[in-house]
Structure formats: C-alpha cells, structure tokens
Protein chains: 2
Amino acid sequence: MRHLMVYDMIEAVHRAGSIRKAAEDTNITASALNRRIQAFEQEFGSEIFERLPRGMRLNPAGELLLHHIRSQRQDLARIHSQVADLSGVRRGHVKIACSQALLPYFLPRQISIYRRDFPAVTFSVNVRDRIQAEQDLVNFESDIALVYEPAHMVDFEVLHVVAQPVLAVMSRAHPLAARRELRLRECLDYDLLLPGRQYGVRVLLDAAAHRIGRPLEPALETESFEMIRHCAAYGQAIGFQIPVGLNELARPDLAYVPLSGKDVAGGQLYLGHLRGRTLPVAALKFANQIAAALGDAA
Amino acid sequence: MRHLMVYDMIEAVHRAGSIRKAAEDTNITASALNRRIQAFEQEFGSEIFERLPRGMRLNPAGELLLHHIRSQRQDLARIHSQVADLSGVRRGHVKIACSQALLPYFLPRQISIYRRDFPAVTFSVNVRDRIQAEQDLVNFESDIALVYEPAHMVDFEVLHVVAQPVLAVMSRAHPLAARRELRLRECLDYDLLLPGRQYGVRVLLDAAAHRIGRPLEPALETESFEMIRHCAAYGQAIGFQIPVGLNELARPDLAYVPLSGKDVAGGQLYLGHLRGRTLPVAALKFANQIAAALGDAA
DNA sequence: GAGGATCGGTGCAAAAAATGCAGCGCAAGA
DNA sequence: TCTTGCGCTGCATTTTTTGCACCGATCCTC
C-alpha cells in the first residue's frame with residue numbers, strides 16, 4: 001500500500017530511534033525521510049516525535065498514533081483476508097503467541113491439520129511467557145494467544161478455557177511412577193526439575209509449596225520444558241508439566257502422575273485475542289479449531 | 001490527510017455513482033480520478049468497483065473496504081481528539097442521531113450546557129427514526145444515538161436507558177386535563193393526534209390499541225411532534241408525547257396526563273453508540289453528561 | 001433505428017511532488 | 001578539543017500525478 005508508506009516510515013523511525021538509521025532500513029535518504037515525517041506532523045496537526053540530541057522518540061501523541069497505525073493495518077489485513085475469502089481462496093497469515101508447552105505436540109499437530117484444509121494459510125508462532133503474551137496482542141504482533149495461567153488479562157479477551165492440572169513427570173522406573181495421584185510433599189523427597197519463575201506451572205507450584213511451608217529448592221531450573229522431560233527420563237528426579245505438552249505415545253519411558261488438587265490449584269489454559277478486536281478470517285477459524293480440539297481433550 | 005485522499009476519492013465515487021460526477025465534486029479530472037482508483041485496485045489486489053454501463057458500483061470487496069475506510073477515519077478522529085485533549089484544549093465534533101422528541105427542549109439545553117464548559121466543541125444533530133438511527137451509527141454518520149424504542153439493537157451498544165411513559169397531551173381546558181392517569185379507552189372518545197408509524201410512541205399505542213381490540217383512527221397523522229402539540233392546544237383533540245420532549249414551563253396552556261401502564265407498555269429512551277466503538281473524547285463526555293441528565297430526570 | 005449523451009479508459013505533454021546530494025549548526029562523547 | 005552522529009535545508013534531478021484530447025461501448029430518446 002503505497003499511500004500508507006508514511007506509516008511504515010513512522011514505525012521505522014520509532015524502531016530505529018533516529019531518522020538516519022531508519023533511512024538505511026527503508027532504502028531512502030535521510031533527508032527524504034525527514035521531510036516526510038515533518039510533512040506528516042504538519043498535516044496531523046502536532047508533532048509526534050520529540051527531537052533529542054541523540055535521535056527521535058515518540059511523544060504521547062505519537063504513541064497514540066502508533067497504536068492507531070497498527071490497529072489500522074491489522075484491520076486492513078482482515079479486510080484482505082475476508083476479500084480473499086469471498087473470492088473462494090482461503091489465504092492469510094495467523095500469528096500465535098503461546099506458552100512453551102504447546103510447542104512440541106499440540107500446535108504442530110493443529111497447524112498441520114489446519115493446513116491440510118487450507119494450504120495457502122501460513123503461520124508464525126512466538127513463544128511468550130504469561131506476561132509477554134498479552135503484550136504481544138496489544139502490539140498486534142500476535143493475533144491469538146494460547147497461554148497457561150496468563151498474568152493480567154486486562155486486554156485479553158477469552159475465547160476458550162480448559163483446565164490443565166499439573167502433572168509430575170518421571171521415569172517409568174521411578175518408585176512413584178505407578179501412583180494414581182501424588183501429594184506435593186511426596187515429591188519433595190526427590191530432586192526437582194523446575195521451569196523458571198515466569199512460567200505458570202512454576203507459579204502454581206511455588207504457591208502450593210508456600211502454603212505447606214516448604215519452599216521449593218530445584219535441583220535443576222531451566223527455561224526448557226524439553227530438558228526437564230529428558231532429565232526426568234534418566235534418573236529419579238521429578239519434573240512438572242501440563243497434559244497438553246505431553247504425548248503418551250511419543251515417550252514410553254516417561255510416567256505422568258497428577259498432583260493432588262488439595263496441594264496445587266488446577267491451572268487453566270486460556271485461548272484468547274486482544275479485547276475488542278475482530279480477528280481475520282484465518283485466525284478466527286484456527287482459534288475455533290483449537291477451541292474444539294481443547295474441548296475434546298478436556 | 002493527503003495520504004488518505006484515495007479514500008476520499010473512493011467514497012466520492014461511491015456517493016456520486018460514477019467517476020465523472022465524482023470528479024466534479026472532487027475538483028479533479030475524471031482521468032486522474034480514474035487512474036487513482038485503478039492504481040488503488042491494483043495495490044489492493046482486487047477490484048472494488050463493478051463497472052456498469054451507467055457508472056460504478058461498489059462490489060462486495062468494496063463494501064468491506066468502505067467500512068474499513070470509515071472506521072479508520074473515525075479512529076483517526078478519535079486520536080486527534082485525544083491528542084487535543086492532552087495538549088489541554090478540548091476540541092472536537094459530536095454527531096448525534098436522535099428521535100424528534102429530543103429536539104425542542106432536551107438537546108438544545110444539554111448542548112448549551114456542554115458548550116459553556118467546552119466552547120470549542122461543535123455539534124451536528126440528525127433527526128432519525130427508530131430504524132434509521134442505528135443505520136446512522138453503522139455508517140459512522142453519527143457518534144451517538146438517543147432513540148425512543150429503537151428497532152433492532154444489533155449494532156447498538158447501550159450506554160444508558162431511562163423509562164419514558166407515554167403522556168396524553170391536551171388543552172388545560174380539556175375535560176380529562178385534571179386526571180392523574182388515563183385509560184386508553186377514555187382517550188378514544190376524542191379526536192386523536194398521532195405521529196407516523198415509524199415513531200416509537202405510535203408503535204406502543206398501536207400495540208396497546210390492538211390488545212383492546214380497537215384500532216386507532218387518528219384525526220391527524222403527522223411527522224411533526226410540534227404540530228401535535230399545537231393542535232392539542234386549540235381544541236378537544238388528544239395528542240401523545242413522551243416526557244423528555246415536553247417542558248412544563250414553556251406552554252402553560254397544555255396539560256400532560258400519563259396513560260395507565262395497564263394499557264400502554266412504558267417505552268424506554270436508549271442512549272448508545274455503535275457496538276465495539278471507542279468514542280472520541282468529546283462524544284464520550286457528552287454522552288456521559290446526557291446519561292447523568294436523564295438519570296436525574298428519571 | 002439513428003443520433004446524442006454518458007460512461008470508463010488511454011496516450012502524451014505539462015505540472016507537481018518526492019528524492020538525492022551536499023552541506024549547515026548543534027550537542028554529546030572520546 | 002576534536003570527532004561523531006544528529007536533525008534539518010537549498011537546489012538540481014527524477015518520479016509521479018494531472019489535464020487535455022480522444023476512443024469505443026452502451027443506453028436513452030426521438
């Protein structure tokens with residue numbers, strides 16, 4: 001869209017922090033870029049950047065405008081997607097922010113199912129923790145978010161919720177592997193494999209441990225859920241994950257035992273989008289598919 | 001906004017129905033206009049007009065785009081208003097769709113009160129019946145609507161509701177003028193002054209009359225509520241209005257007697273805006289003022 | 001059924017706008 | 001103090017847009 005290029009330039013200057021740097025990214029001269037920004041500000045009626053000795057920064061008016069630009073662009077994308085839809089071709093691009101647990105099995109499977117029907121739809125998946133995910137929606141960097149125990153939920157409009165209790169993950173050879181349910185205190189006798197504090201599973205476990213007065217002291221703290229699974233497989237350590245991130249068939253060497261609801265509050269997996277947004281057709285259809293898949297699993 | 005001029009042109013062509021007519025309105029040559037439309041369609045990726053022998057008409061894609069254009073423009077106006085707000089000057093323009101009853105006393109008073117505080121805010125008021133009002137919101141021709149008994153309410157997001165019972169309006173010399181309450185059948189003995197069927201008062205009265213099996217036969221049917229009041233003053237005929245459209249002080253020659261709730265369902269006056277819209281600052285503040293004023297009256 | 005009116009579209013030259021280049025003044029950091 | 005990077009501007013050049021004249025097609029009227 002040539003007539004919206006000013007917007008691209010404004011965003012470029014915002015990202016680069018200075019006109020000259022932005023000019024390089026935009027394949028344009030700094031002077032031309034400068035004059036377009038100035039012309040826009042004059043039309044707009046007020047400055048949108050504050051001029052600092054070291055470059056440009058958006059002022060409050062600019063922040064407001066930036067949000068408009070992003071929202072406007074998203075809406076245009078939605079129009080495009082709807083137009084493509086009514087001409088019979090299902091095209092589009094779906095941007096997803098999700099918790100790490102969805103990466104290994106759930107999302108790949110769902111995306112592959114979706115693309116079997118609509119191969120012209122492309123996807124981008126961003127791993128985000130429970131705070132970042134919502135921010136991603138606000139910045140229009142993701143269309144939908146699939147998050148375990150999201151943090152604020154002020155700009156998050158819920159499409160679907162499903163309970164995901166915390167499971168203890170251990171080797172099949174582990175003494176506790178055959179149990180139907182575990183108390184948290186039983187786990188504390190073994191080495192603990194825990195994700196970082198930015199993850200929902202850890203938040204729930206920390207809260208539960210705090211209630212019984214025995215703070216968690218992990219033998220391994222990592223950001224990788226995959227690493228937790230692997231470590232659990234080779235020893236007596238216990239990891240923790242949620243059902244949606246696991247696949248019984250894939251790893252016959254692991255056992256999964258739910259923690260008692262008396263100890264650990266049952267966490268929930270939220271599917272949602274930015275409050276008030278109208279999703280592009282492709283994103284909406286995919287969200288519906290995910291909701292259905294989660295509903296079946298629950 | 002020079003860079004959004006294509007949008008103006010698209011709307012102009014849509015309104016005028018042909019490029020050549022639109023060219024006159026836009027102070028531009030038909031050829032230039034034609035080429036801009038073509039260039040836009042190429043960028044956009046699909047045609048937005050169907051070429052008829054007699055001119056141009058928006059195709060479905062164009063309709064979608066048109067709505068985006070309007071919504072986009074409104075959002076930009078909101079940004080402007082917010083920017084003006086944070087620079088201390090309260091400026092803006094508020095577009096209101098309302099029932100006729102609001103015109104003589106209520107809205108003039110409210111607008112004057114508002115403009116006493118914010119003289120830089122301007123207003124436009126469109127009289128719309130219960131169906132047109134909602135359409136006005138959808139087309140972004142009005143920011144807020146104040147309607148008695150609106151029709152569909154699918155795109156109408158309610159901000160405030162207040163009960164407005166139907167009153168019989170008659171001369172103070174009328175035999176029924178001193179009554180505290182009237183039954184509908186009592187009114188039927190006199191000549192009736194009724195508004196057209198597109199008005200909420202008439203809808204309620206017709207429904208009530210149908211229930212008691214005596215269809216209304218108006219002596220005068222008019223679109224002008226003012227005319228109804230004047231006719232009521234000079235004779236024994238009875239008109240019907242709602243409280244918000246009346247002012248006790250202004251006409252000491254008229255009496256207002258509520259109809260019994262047993263006969264006529266108490267109608268309601270709705271204040272609202274387009275579902276999902278974020279109103280400009282000025283419109284929002286004015287809506288809040290109106291809601292407060294209606295709340296006091298109720 | 002002929003003729004006029006109106007429609008969208010196009011080739012070409014003129015007008016207008018955007019761009020690139022070189023250079024200015026200024027402030028921060030080395 | 002000198003250098004570096006910043007935003008900004010005058011001027012020549014390039015690119016884009018516009019206006020004018022005109023084409024073929026369709027519809028309405030007489």
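Being a predicted model, the structure only gives us computed values, none of them experimental. Letters A, B, ... are given to chains in the order of the sequence lines, protein chains preceding strands, and every chain is numbered from 1.
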Electrostatic pair R277(B)-D143(B), nearest N-O below 4.0 angstrom: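 D143(B) and R277(B): salt-bridged.
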Provide, to the nearest angstrom, the distance between the [atom1] atom belonging to [X] and the [atom2] atom belonging to [N].
{"X": "R57(A)", "N": "dG7(D)", "atom1": "CZ", "atom2": "P", "result": "13 Å"}
{"X": "R51(A)", "N": "dG7(D)", "atom1": "CZ", "atom2": "C1'", "result": "8 Å"}
{"X": "E24(B)", "N": "dT6(C)", "atom1": "CD", "atom2": "P", "result": "10 Å"}
{"X": "R2(A)", "N": "dT19(C)", "atom1": "CZ", "atom2": "C1'", "result": "12 Å"}
{"X": "R54(B)", "N": "dA5(C)", "atom1": "CZ", "atom2": "C1'", "result": "8 Å"}
{"X": "M5(A)", "N": "dT15(D)", "atom1": "CE", "atom2": "P", "result": "14 Å"}
{"X": "L52(B)", "N": "dA25(D)", "atom1": "CG", "atom2": "C1'", "result": "14 Å"}

Sub-4.0 Å heavy-atom contacts from residues 26-50 of chain B onto DNA chain D, ordered by number: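 Under 4.0 Å from DNA chain D: I28(B), T29(B), S31(B), A32(B), R35(B), R36(B).
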F40(B) and H3(A) aromatic ring geometry - parallel, tilted or perpendicular at 30°/60° bounds: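 H3(A) and F40(B): tilted rings.
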Plane angle bin for F140(B) and H67(B) - parallel if under 30°, tilted between 30 and 60°, otherwise perpendicular: tilted
Heavy atoms of other groups near [X] [atom1], more than 12 under 6.0 Å:
{"X": "M5(B)", "atom1": "CE", "result": "yes"}
{"X": "E217(B)", "atom1": "CD", "result": "no"}
{"X": "K95(A)", "atom1": "NZ", "result": "yes"}
{"X": "M1(A)", "atom1": "CE", "result": "yes"}

Side chain to side chain, Q72(B) and D75(A), heavy atoms closer than 4.5 Å: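 Sidechains of D75(A) and Q72(B): no contact.
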Side-chain donor/acceptor contact of R20(B) with base of dG8(C) under 3.5 Å: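 When only heavy-atom distances are counted, R20(B) does reach the base of dG8(C) through a donor-acceptor pair under 3.5 Å.
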Q132(B) side chain to Q198(B) side chain, donor-acceptor N/O pair below 3.5 angstrom: no
Contacting residues from residues 9-18 of chain B, given that a heavy atom lies under 4.0 angstrom of DNA chain C: S18(B)
